[in-house]
Q: 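Pasting a structure below so you can have a look.
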Amino acid sequence: MSHLRSSLVVALLSAASHISFAAPAKPNIVFILADDIGLGDISHHAGLLGKKDNIVPTPNIDALARSGIWFTDGHSSTALCSPTRYCAMTGNHNYRSYAPWGVWGSFRESPVKPGEATLGTVARDAGYSTAFIGKWHLGGDFRIKGSQKIYRGDDRGDPNFKMDVSEWVGGGPQSLGFDYDYTLPTGVQGPIYTAYENGKWAPFEKDSKIIYLDEHSASDPAFVSDKGPGPGDSNWDTRKIGRILSDKAASFIARQSADKPFFLYYCTPTVHLPHCPPEEFNGVKIAGQTPTRHLDMILDLDQQVRTIVDALGKSGAYQNTLILFSSDNGGLADGPAEKAGHNSNGGFRGHKNTPTEGGHRVPFLATWPGRIKPGTTSEVPVATHDILATIAAVAGTTVPAGQAMDSANLLPILTGSSTSLHRPALILQGGSRNEIVYRKGEWKLIIQSDHKVSKFEPTALFNLSDNVTENESENMVRNPEQKARVQSMLAEYLDIRKSLRPTAN
């Protein structure tokens, strides 16, 4: 298969044979955050379960997994996109922001407070050249047309939209420590359907214009997502986004100097709706190669990863680069794919937007030639909000006092000097139905809240050691023998939340 002959795989096999490589003190760091990718979407997970083939092969991501460490108990901070992105960016739980359930509009105020530590500021202050490329979904500041005032609203259904989308004036990557950015405010799901490079609108073509992009004005109605129409580039083509973003990442890598480390935060919008696979990518056929367009997009994601790692190899940076890969939430429910034998949740209950494991247990891997032993597996529970403290440790710096209060440093686990984290409990969040997950050891308590976070009612208690699929018949939340445990875990969570104390060292 052309997948297996990719230069990425060759590079990784070569790197794995040089495990004695002594990396300098400050390695490059690449953090790839996929969109709506579940455990079952990565064929390496199927291999760990003893399956010889996956309906959707992901050889390039698999190669990363084999060359480093794979966390079998890895989680997105929440079961939805936007709130997870806040957690990853700041190392904080969402209840520390003004928008505990996420920032969904392009024109909402950023949940990141001025002066708050971010992935970008931590790496930049440690001497790194920093870049953000891809999907943002953390709000932003755009002016009202003909005014200096910032627009706050929606206008997705208004052809005479009021905001000036030619310039992103605040609340974006440039405000959070990134020297360079190429950003889609809401990925491919819109609105808005535009790209920005260092805060300025980046036209897709020379003849591009900003128009009201709907099913009539788009070159293909499929490019307008279920989120509706809105301002957009007249040449918007969802099929090309994966190639455009990964090429931007490759160009950033190629521009870097060997005497200064770099940090790249690559947030691909793949495989979020709408599913518009290209005919081919890197010479590999994409469209129509799997049972559904959703699964075709997983092939697209795998080629984006290949493009980035190939760029690292060509620049000579690969041997001194830590690569982290995860997802913003669990996989998508896809009936036709499931009938064909593909389960994005990897065998767990639920999917994106649910508090059960399938909603937030995601691929979580790291590879670093010479520092992470190839073929390693860890059962330590980790989450995307742990990335910030980990990057700080790898970069040889410390997190500012009072910042990244929920981010645990994973570096000792990556390098094999430790097999555990000193974290009393793992706090996660469900989705749009406002659930909270409180995990203590193998005990998992699901708490139903409300949008105002004034209600906290336990609805499920599972012991994941003997009920990892969370069979509802074994829900012990009403079991009299577990009443004290339920009350204790709920009280612990509420005390942590109300006190606002750190949950990680």
Side-chain angles (χ1 to χ4, degrees), residues 1-6 8-10 12-13 32-76 242 268 270-272 275 277-278 280-309 323 325-352 357-367 374-377 468-469:
M1 292 179 64
S2 59
H3 296 281
L4 299 178
R5 292 195 295 267
S6 78
L8 180 152
V9 175
V10 173
L12 288 177
L13 292 176
I32 301 173
L33 186 68
D35 198 333
D36 292 355
I37 284 290
L39 265 178
D41 292 327
I42 307 302
S43 48
H44 181 75
H45 173 73
L48 292 178
L49 298 179
K51 298 180 181 179
K52 294 182 179 180
D53 292 305
N54 208 37
I55 289 177
V56 186
T58 53
N60 296 293
I61 299 172
D62 293 352
L64 290 179
R66 289 194 302 270
S67 68
I69 185 170
W70 176 271
F71 288 88
T72 59
D73 206 351
H75 300 265
S76 56
T268 172
T270 314
V271 298
H272 198 288
H275 297 136
E280 63 83 28
F281 192 164
N282 288 339
V284 176
K285 292 182 179 180
I286 303 295
Q289 300 305 299
T290 74
T292 70
R293 293 163 68 89
H294 161 218
L295 301 189
D296 285 348
M297 293 307 299
I298 299 174
L299 302 180
D300 186 293
L301 170 66
D302 196 58
Q303 291 305 313
Q304 292 178 49
V305 172
R306 171 184 169 183
T307 297
I308 292 171
V309 180
I323 302 175
F325 177 94
S326 194
S327 177
D328 64 349
N329 49 245
L332 299 174
D334 184 344
E338 291 173 10
K339 288 182 180 180
H342 181 94
N343 292 289
S344 290
N345 61 12
F348 293 94
R349 178 184 171 187
H351 46 76
K352 173 184 178 178
E357 293 295 291
H360 50 79
R361 194 178 289 225
V362 295
F364 201 113
L365 68 87
T367 181
T376 306
T377 300
V468 73
T469 56

Q: Could you report the tightest heavy-atom contact between Ala34 and Phe325, atom names first, then the distance?
A: CB-CZ, 4.1 Å

Q: Measure across Ala46 and Asn54 and return the closest heavy-atom pair with its distance rounded to 0.1 Å.
A: CB-OD1, 3.7 Å

Q: Locate the shortest heavy-atom distance separating Glu338 from Asn343; write the atom from each residue and the value.
A: CG-OD1, 3.5 Å

Q: Check each of Asp328, Asp334, Asp36, Asp41 against Lys352 using the salt bridge (Lys or Arg N to Asp or Glu O under 4.0 Å) test, and report the only one that passes.
A: Asp36

Q: Considering non-hydrogen atoms only, spot the tightest contact between Ser326 and Val362 and give its length.
A: OG-CG2, 3.5 Å

Q: Nearest 0.5 angstrom please: His275 NE2 to Leu295 CG, how far?
A: 8.5 Å

Q: Contact between Pro277 and Asp300 at the side-chain level, heavy atoms closer than 4.5 Å - yes or no?
A: no

Q: Ring-plane angle category for His294 and His342, please: parallel below 30°, perpendicular beyond 60°, tilted otherwise.
A: perpendicular

Q: Check Gly359 against Ser76 and note the closest heavy-atom contact, atom names and distance.
A: O-OG, 4.1 Å

Q: Any heavy-atom pair between the side chains of Arg361 and Asp73 that's under 4.5 Å?
A: yes

Q: With rounding to the nearest 0.5 Å, note down the distance linking CG in Leu301 to CG in Asp35.
A: 10.0 Å

Q: So which atom in Ala65 and which in Trp70 form the shortest heavy-atom distance, rounded to 0.1 Å?
A: CB-CE3, 3.6 Å

Q: Quick check: do Leu365 and Ile61 have side-chain heavy atoms less than 4.5 Å from each other?
A: yes

Q: How far does OG of Ser43 sit from CG of Asn60, to the nearest 0.5 angstrom?
A: 9.5 Å

Q: Counting C-beta onward and ignoring hydrogens, is there a side-chain heavy-atom pair between Thr290 and Leu299 closer than 4.5 Å?
A: yes

Q: Between atom CZ of Phe364 and atom CD1 of Ile69, what is the distance when rounded to the nearest 0.5 Å?
A: 10.0 Å

Q: Does His351 offer a backbone N or O that forms a donor-acceptor pair with the side chain of Asn345 under 3.5 Å?
A: no

Q: From Ile37 CD1 over to Ile42 CD1, what is the distance, rounded to the nearest 0.5 angstrom?
A: 5.0 Å

Q: At what distance, to the nearest 0.5 angstrom, does CD1 of Ile286 lie from CD of Gln303?
A: 5.5 Å

